[in-house]
Amino acid sequence: MLTIIFDGIAYGMLLFILAVGLSVTLGLMNFVNLAHGAFAMAGGYATVILMNAYGLPFLATLPFAFAFAAMIGLALERLLYRRMYRRSHLDQVLFSIGIVFMAVAATDYLMGSQQQIIHLPEWLRGRIEVAGVAIGAYRFFLVVVCGALVVALQWVLARTRFGSQLRAAVDDTRVARGLGIPTDLIFAATFATGSGLAGLGGALGAEILGLDPTFPLKFMLYFLIVVTVGGTATISGPFAAAILLGIADVAGKYYIPRLGAFVIYFFMLVVLLLRPNGLFVRSGAR
Amino acid sequence: MTVALETHDLVMRFGGFLATNRVNLQVARGARHALIGPNGAGKTTLVNLMTGVLSPTEGRIVLEGHDITAVPIAARVGLGIARTFQINQLFPSMSPLEAVSLAVAQRAGRSAGIWRGFGALPEIVDEAADILEGLHLADAMTERSDRLPYGKQRALELALALASRPKVLLLDEPAAGVPEGERHEILDIVASLPRDVSILLIEHDMDLVFSFAEKISVLVQGAVFLEGSAREIAADRRVREVYLGESADG
Amino acid sequence: MSEIVGNSRERARRSAAASSRWRLPELAFWGCAVAAIFLLPSRHLLLNEIAIVGLFAMSIDLILGYAGIVSLGHAAFFGVGAYAAGLLAKSGYVEPASGLLFAGAIAATVGFSASFLVIRGSDLTRLMVTLGVALVFVEVANRFESVTGGVDGLLGISMGPILGLFEFDFGGTTAYCYSLCVLFVMFLIARRIVNSPFGTSLRALKENRMRAGAIGIPTAKRIVAVYSISAGFAGIAGALLAQTTAFVSLEVLDFARSADGLLILVIGGSGYLYGGIIGSIAFALMRDALSTLTPAYWLFWMGAILVALVVVGRERIVDCAKALSLRVRGQPK
């Protein structure tokens with residue numbers, strides 16, 4: 001029981017790292033980026049290639065996974081995405097689906113359609129015992145790494161100059177621009193960081209979520225749920241939503257394996273019926 | 001006096017801000033009633049509460065003796081409340097004829113009809129044409145609404161409200177932004193409506209208010225500050241100082 | 001004075017009647033579709049597919065082009081219709097035309113239930129819901145292998161003659177004629193719907209939902225209604241595919257199909273009903289041309305087309321494409 005909850009938390013934290021960039025772009029630029037998973041996939045493949053072709057240890061590949069996805073994110077933001085900020089949601093949806101399709105087909109062409117396997121180092125395999133509960137070493141590692149990232153993100157947002165500028169821009173872009181905050185730069189930096197985090201999540205999650213060219217399509221719904229349920233005003237909202245979703249998904253697949261795949265849909269439905277505007281949306285925001 | 005629309009201790013809070021503070025307002029049947037007050041006094045909020053755009057934090061709204069506090073926006077129109085908006089709310093790509101025909105069809109219970117087009121509903125189209133004619137929109141009735149000159153758009157705003165044959169008509173600054181010369185035209189149309197239509201007018205132009213209203217309520221900081229006949233309000237020293245003084249200076 | 005009144009009434013009536021009158025390009029368009037039976041005898045299978053996909057895109061146009069709802073999962077209803085028709089035929093009832101009605105009714109019912117989720121929340125919630133609903137159906141079809149055949153698909157469908165008169169043939173001639181007739185009938189219905197007060201009220205709530213409510217239009221009810229109708233249309237398109245190809249696979253529910261539908265509509269233009277059919281023709285031609293170049297990576301090109309269409313601006317490209325393709329214009333957009 002506790003093991004399952006712990007697994008669920010690890011899974012949820014992973015989902016959060018994957019989706020947090022989407023939540024911020026949505027809040028900041030009101031941009032529905034369905035291609036967010038493509039950046040995660042890029043990070044995952046960066047790790048796979050570095051490990052298998054260049055023999056780098058797993059941990060050492062993680063910064064590259066972040067940087068690779070962030071660079072792609074930055075390039076695409078400057079080239080294409082920024083033209084889309086003011087467009088209708090329909091245009092944004094079509095545009096980002098187009099990006100997803102291109103990413104899926106290109107990855108298939110370059111890497112093949114098979115599932116990629118990551119060989120974790122010895123010390124991350126097996127199980128360890130924490131306070132009498134047996135948990136997978138890798139799950140534990142995930143919780144530690146993702147937990148550290150969450151704390152770091154929160155710190156950046158709450159304590160740094162960049163963080164306060166970002167929050168101002170989320171609250172009201174026009175006013176922020178009027179105050180001399182370089183919103184363009186913030187957009188680009190945020191987009192790149194969000195993509196980088198997704199890439200890192202993709203690398204960390206390759207073991208648990210699986211990695212093949214259809215990754216961005218498979219997890220599109222998960223990202224949407226995290227963002228819709230969690231709202232875009234804070235990062236604690238998506239975090240709570242991701243953890244809940246993670247626990248629900250893991251527990252569902254464990255306890256009712258026959259219907260486990262339906263648990264996330266059920267989750268989505270319940271949230272929607274109870275709180276159509278999300279669980280953690282700031283009240284009075286609208 | 002029979003009351004058409006009234007509010008009982010109406011309260012609307014936005015977070016910590018009290019936009020409507022225990023408002024008890026009565027619009028008599030056939031009234032020519034004006035609601036005035038400085039910017040931010042909560043006039044538009046009150047209209048939004050009466051039409052159901054907002055639901056009040058506390059209090060009740062009663063139409064001809066029936067509590068309609070919980071009735072949704074669209075159904076309130078069916079019960080006889082119509083409004084215009086301070087900022088034009090039109091259907092940009094539709095012509096005035098299409099838009100008003102739709103509003104007429106809605107009132108006549110025909111807007112859910114799937115099978116017959118407006119071409120086969122001459123009585124609806126005729127009525128729409130008459131309304132447009134009455135508002136000097138006949139010449140422009142087949143143009144796109146977003147290409148009409150501003151004054152015509154303002155008139156269309158009124159036409160859409162009239163199409164539902166309201167018992168109570170809430171006009172939120174109907175002449176706002178309309179050039180001086182055309183303002184009275186719009187108010188004349190409003191004044192010439194049948195006497196069984198009760199009208200609540202929000203307006204800043206005091207000339208228009210005094211030429212139109214028989215009764216005036218003054219709203220300040222969300223609460224009714226003063227109420228009386230047009231003559232009483234015009235004579236009130238506080239109103240003259242606080243409000244009319246301001247508006248007379250521009 | 002009364003003369004002027006009469007005059008404006010008369011003009012109003014004339015204008016109202018004109019909006020639903022048939023135009024010459026429309027007649028020419030359907031003339032071409034019929035002529036294709038005789039002029040392109042070897043391409044009937046392809047034409048059949050174009051008609052079916054066109055009908056599917058038209059169903060999306062009803063909700064997107066008229067009511068302004070973006071759906072990422074309309075394939076759900078296409079798939080429900082396809083499975084309904086396929087299973088009905090397998091159960092021994094093999095008459096196609098009534099099977100089509102059955103499948104359409106099932107899909108509309110499913111759409112009606114789903115619509116209550118769609119009317120809640122924001123654009124973003126709607127994306128999540130429409131995508132989620134479609135994925136639920138994929139999962140269900142996958143899970144209940146004994147009924148749907150799972151990944152192998154629904155095999156062994158054999159259809160009887162249409163209305164007991166017309167047998168399906170291998171060249172697809174009957175199939176195309178059948179699909180074209182269905183497409184035309186559905187188009188007539190859609191045309192009626194969008195030109196009716198109901199259709200006008202949909203445009204109203206798309207353009208300004210606040211004002212639509214303020215003239216008394218019950219916006220949620222309208223969305224429920226059009227979503228159900230649109231689901232029925234999609235279901236009939238799916239049923240046509242099942243009946244004319246005698247096969248249903250999980251692919252009918254695929255996300256790519258929903259995306260195809262949107263892409264087609266973007267190519268053809270939304271909000272005038274012909275967009276779906278014109279887009280479907282352009283789509284088939286493009287796929288033909290591109291898959292001879294690089295057969296395996298059609299998905300990449302589809303993505304590239306989507307990105308290009310949106311970045312460059314669909315109006316500009318569509319205007320060009322329209323001028324080049326059949327000069328068919330219903331109401332100008």
Side-chain angles (χ1 to χ4, degrees), chain A residues 26 30 32 34-35 38 79-81 83-84 87-109 113 213-214 217-218 220-229 231-232 258-259 261-262 264-269 271-273 275-278 281 286, chain C residues 64-65 68-73 114 116-140 142-144 254-256 258-260 262-263 265-267 270 294 296-315:
Chain A
L26 199 66
N30 192 20
V32 184
L34 295 179
L79 275 176
L80 294 173
Y81 273 91
R83 299 162 197 259
M84 291 290 128
R87 298 289 195 83
S88 68
H89 278 165
L90 175 64
D91 279 357
Q92 296 176 352
V93 163
L94 294 169
F95 168 78
S96 53
I97 288 178
I99 298 274
V100 169
F101 283 171
M102 288 168 78
V104 168
T107 310
D108 195 323
Y109 175 73
S113 61
T214 61
L217 287 171
K218 266 197 276 184
M220 191 187 281
L221 182 67
Y222 282 82
F223 299 156
L224 278 175
I225 292 180
V226 169
V227 175
T228 316
V229 173
T232 55
R258 281 204 58 224
L259 298 174
F262 293 99
I264 59 159
Y265 306 119
F266 186 69
F267 181 80
M268 177 183 93
L269 198 77
V271 168
L272 203 65
L273 291 177
R275 294 288 299 271
N277 292 314
V281 175
R286 271 189 183 272
Chain C
L64 180 68
I69 300 167
V70 184
S71 167
L72 285 182
F116 290 95
L117 297 171
V118 174
I119 55 176
R120 302 179 78 92
S122 61
D123 270 3
L124 184 70
T125 334
R126 253 190 290 274
L127 291 179
M128 175 184 81
V129 168
T130 52
L131 182 63
V133 167
L135 290 175
V136 168
F137 281 103
V138 176
E139 202 61 46
V140 169
N142 203 4
R143 209 43 72 92
F144 294 92
D254 209 18
F255 173 72
S258 303
D260 280 355
L262 286 176
L263 171 58
L265 212 47
V266 174
I267 296 173
S270 64
T294 51
Y297 297 103
W298 163 236
L299 194 65
F300 182 86
W301 295 112
M302 224 181 101
I305 293 167
L306 267 172
V307 170
L309 270 174
V310 178
V311 171
V312 180
R314 77 181 144 241
E315 267 70 36

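Reminder, nothing fancy here: chain letters follow the sequence lines and each chain counts from 1. Remember, predicted model here, so these are calculated numbers, not experimental data.
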(request) Mind checking salt bridge (charged side-chain N to carboxylate O under 4.0 Å, His left out) for C:Asp254 and listing every partner two or more places apart, or none if nothing turns up? (result) none
(message) Please classify the contact of A:Leu26 with chain C as side chain, backbone, both or neither, using a heavy-atom distance under 4.5 Å.
(response) side chain
(message) Is the shortest side-chain heavy-atom distance between C:Phe255 and C:Val138 below 4.5 Å?
(response) no
(message) Using heavy-atom distances under 4.5 Å, tell me whether A:Leu80 contacts chain C through its side chain, its backbone, both, or neither.
(response) side chain
(message) Main chain of C:Val310, side chain of A:Arg87: is a donor-acceptor contact present, judged purely on distance under 3.5 Å?
(response) yes
(message) Taking side-chain hydrogen bond (donor to acceptor under 3.5 Å, both in side chains) as the definition, give me every residue that meets it alongside A:Arg83, ordered by chain and number, with sequence neighbours left out.
(response) none
(request) Report yes if the side chains of A:Ile225 and C:Met128 come closer than 4.5 Å at any heavy-atom pair, otherwise no. (result) yes
(message) Please classify the contact between C:Val136 and chain A as side chain, backbone, both or neither, with a heavy-atom cut-off of under 4.5 Å.
(response) both
(request) Could you tell me whether the side chain of C:Leu309 reaches within less than 4.5 Å of the side chain of A:Leu94, counting heavy atoms only? (result) no
(message) If you apply the rule side-chain contact (heavy atoms from CB on, under 4.5 Å), what do you find for A:Asn30 with A:His89, and how did you get there?
(response) CA-CA 9 Å; A:Asn30 192 20; A:His89 278 165; 3.4 Å; yes
(message) For chain A, which candidate among C:Val307, C:Leu262, C:Val129, C:Val70 shows the most heavy-atom pairs at distances under 4.5 Å?
(response) C:Val307
(message) Taking side chain as everything from C-beta outward and backbone as N, CA, C, O, which of these in A:Tyr109 sits under 4.5 Å from a heavy atom of chain C? Side chain, backbone, both or neither.
(response) both
(message) Shorter than 4.5 Å, heavy atoms on both sides: which option in A:Leu221, A:Asp108, A:Leu217 has the most such pairs with chain C?
(response) A:Leu221
(request) Can you tell which part of C:Ile305 gets under 4.5 Å to a heavy atom of chain A, answering side chain, backbone, both or neither? (result) neither
(request) Report the option among C:Leu124, C:Val140, C:Leu72, C:Leu64 that has the most heavy-atom pairs separated by less than 4.5 Å from atoms of chain A. (result) C:Leu124
(request) Flag the one option from A:Ala103, A:Ala105, A:Ala106 with the top tally of heavy-atom pairs under 4.5 Å to chain C. (result) A:Ala105
(request) Please determine, among C:Leu263, C:Val133, C:Leu117, the option with the most heavy-atom pairs under 4.5 Å with chain A. (result) C:Leu117
